[in-house]
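A short worksheet on the structure shown next.
Numbers for residues simply follow the sequence, beginning at 1. Indexing begins at 1, ligand by ligand and atom by atom, following the structure's order.
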Amino acid sequence: MRTGSGIGIGEGIAIGTIRVVRRSTLPTERRNVTDTQEELARFAKAQETAIAQLAQLSEKAMQEGSEENAAILEIHGMMLADEDYCDAITASITGEQVNAEYAVAVTGEAFAQRFAAMDDAYMQARATDIRDISDRLIACLSPEQAVQPQWDAPAILCADTLSPSETAALDSKHVLALVTAHGSAGSHTAILARNRGIPAILGVGEAFFSVMEDGQPAIVNAQTGECILHPDAQTLARTEQEREAQREKSARLDKLRGMENITKDGRKIDIFANIGSAGSIGEVLRHDAGGIGLFRSEFLYLEHSDYPSEETQFQVYKQVLERMNGRKVIIRTLDLGADKQCAYCNLPKEENPALGIRGIRLCLHRPALFRTQLRALYRASVHGRLGIMFPMIANVWELEEILAICAEVRAALKGEGIPICESTELGIMIETPAAALISGTLAPMVDFFSVGTNDLSQYTLACDRQNPEIARFFDEHHEAVLQLIAMAAQQAHRHGKWIGICGELAADVSLTETFLRMGIDELSVAPSAVLHLRETIRSLDLSQARA
Ligand code: PEP
Ligand code: MG
């Protein structure tokens with residue numbers, strides 16, 4: 001028996017035999033060419049074919065009901081048409097007089113390395129996407145030599161890496177699970193595997209991957225991130241039991257779709273979902289969330305190579321509101337900075353970025369950036385039930401400035417004859433201890449609060465949420481954190497406002513009763529956590545003294 005561990009994606013457990021894919025490399029050796037026009041024509045044709053292939057795959061994903069997967073493949077199509085990328089390939093072919101395959105390989109790798117060197121984990125994960133589209137282009141340039149991995153399972157598929165488009169093309173009926181030597185949680189491969197319901201472990205490492213062989217019996221537990229080769233009888237029996245319990249749980253939760261989030265003694269609460277892109281709406285609806293409690297709008301900025309325009313943002317917000325069909329959608333304004341860095345924003349290098357120009361501070365520093373987003377949000381407000389939420393508030397004057405800018409934006413739009421929804425709710429995140437402590441002053445100024453427990457814990461405990469070395473000091477159950485949440489809840493209600501929690505703690509069912517007793521009105525969690533939370537709420541009886 002040998003155990004490897006990596007990043008578990010999804011919740012599934014698979015038991016089966018292994019099928020290892022060791023790919024040969026694509027033909028990218030350098031050839032000098034005299035007719036560069038012919039190479040440019042080959043490149044243009046390959047680009048057209050690759051874009052058509054991706055459109056087809058995206059269509060297939062859409063038919064399977066996975067909009068997020070369709071959106072990822074669509075983005076790959078857009079990346080293939082990206083001007084900077086294509087200009088660099090063209091320049092390489094004409095400037096160096098080389099074959100298109102080589103030009104694509106070298107350019108793709110240079111772009112990928114640029115992404116991999118960025119500070120932000122999200123942007124680093126984009127390196128895989130660049131390599132993927134470049135491989136697709138090369139395969140289209142030399143179709144006769146391209147490697148088409150054969151997924152002839154059912155089996156546990158193991159590979160050094162799997163590109164997003166390979167993952168999207170997998171037949172989930174034949175692939176019990178995926179294990180890769182390399183990969184990160186934020187990669188599109190991870191997102192695609194999760195959305196396709198394929199349990200996966202990414203990044204088990206080169207050493208463990210090298211001992212994997214076709215036909216080996218194995219267990220993949222995506223929940224624990226463990227892959228066990230040659231499991232002994234005892235481990236196998238235990239895992240089979242766990243798998244059965246998991247199946248029973250998901251069948252049980254399935255029955256809760258369409259039911260109310262209500263305690264035994266009749267207290268109702270909203271369960272909303274957290275998302276980072278419009279592509280996740282399918283997942284939100286599938287898990288029966290009552291609305292969106294946190295749309296992290298910064299991902300829209302991180303996905304672009306330049307500031308998304310007012311029109312681009314408007315289209316995304318409108319789409320989200322329309323798809324949610326009258327359910328509440330809370331869109332948080334740009335929360336860049338700290339761990340979310342965006343190259344084109346040119347944020348200054350800071351000693352302590354988590355305490356620096358992040359969240360609302362950036363928006364107040366760059367009001368034009370803020371106004372563009374607010375215009376897009378207010379324009380979209382007539383297409384559904386919008387709430388706008390501001391991150392990282394610590395001062396009353398910040399909120400005064402924000403509200404004044406919002407009023408200006410509303411007046412300007414009305415002056416231009418653009419319709420807006422007058423009842424759009426405005427709220428703030430309670431994610432600094434300062435905001436919780438002055439919540440009695442802030443509450444009358446807004447319509448709602450939403451507690452960001454990730455940052456509230458970080459700032460209350462003076463403990464970097466990103467640093468695994470100090471994980472044991474990052475105690476979100478700390479009495480100080482809970483007292484601050486209780487204080488904000490009390491102040492919100494004293495002023496007739498509602499309060500939710502949208503940090504990770506909202507999904508921690510060991511605290512659900514505590515939150516309900518504090519008077520929390522809404523919990524916003526990852527879509528996949530909605531039904532489990534509903535089950536917990538329905539099992540509580542607040543009329544009874546605490547056990
Ligand atoms: C939080 O801080 O709890 C939160 C929800 O915001 P983010 O995790 O995006 O900082
Ligand atoms: Mg936060």
**Message:** Heavy-atom contact check, 4.0 Å cutoff: does Glu504 meet ligand 1?
**Reply:** no
**Prompt:** Closer than 4.0 angstrom: is that true for some heavy atom of Arg332 and an atom of ligand 1?
**Reply:** yes
Just jot down the ligand 1 atoms closer than 4.0 angstrom to any heavy atom of [X], in number order.
{"X": "Leu294", "answer": "5 (C)"}
{"X": "Glu431", "answer": "1 (C), 2 (O), 6 (O)"}
{"X": "Lys340", "answer": "9 (O)"}
{"X": "Arg465", "answer": "2 (O), 7 (P), 8 (O), 10 (O)"}
{"X": "Gly503", "answer": "3 (O), 5 (C)"}

Donor-acceptor contact below 3.5 Å, side chain [X] vs main chain [Y]:
{"X": "Thr460", "Y": "Ser457", "value": "no"}
{"X": "Asp475", "Y": "His477", "value": "yes"}
{"X": "Arg379", "Y": "Ile418", "value": "no"}
{"X": "Arg534", "Y": "Asp288", "value": "yes"}
{"X": "Thr453", "Y": "Leu505", "value": "yes"}
{"X": "Gln313", "Y": "Pro308", "value": "yes"}

**Message:** I need the nearest protein heavy-atom contact for atom 5 (C) of ligand 1: residue, atom name and distance, please.
**Reply:** Arg296 NH2, 3.5 Å
**Asked** Is the Trp498 ring parallel, tilted or perpendicular to the Phe448 ring (thresholds 30°, 60°)?
**Response** parallel
**Asked** For the Mg ion (ligand 2), what is the closest N, O or S atom on Asp455?
**Response** OD2
**Fill in**
Here the N/O/S atom of Glu431 closest to the Mg ion (ligand 2) would be OE1
**Prompt:** Would you say Glu298 and ligand 1 have an N/O pair spaced under 3.5 Å apart?
**Reply:** no
**Message:** Using the rule side-chain contact (heavy atoms from CB on, under 4.5 Å), only one of Asp335, Leu294, Leu362 pairs with Pro391; which is it?
**Reply:** Asp335
**Asp335 near the Mg ion (ligand 2) via N/O/S, less than 2.8 Å** = no
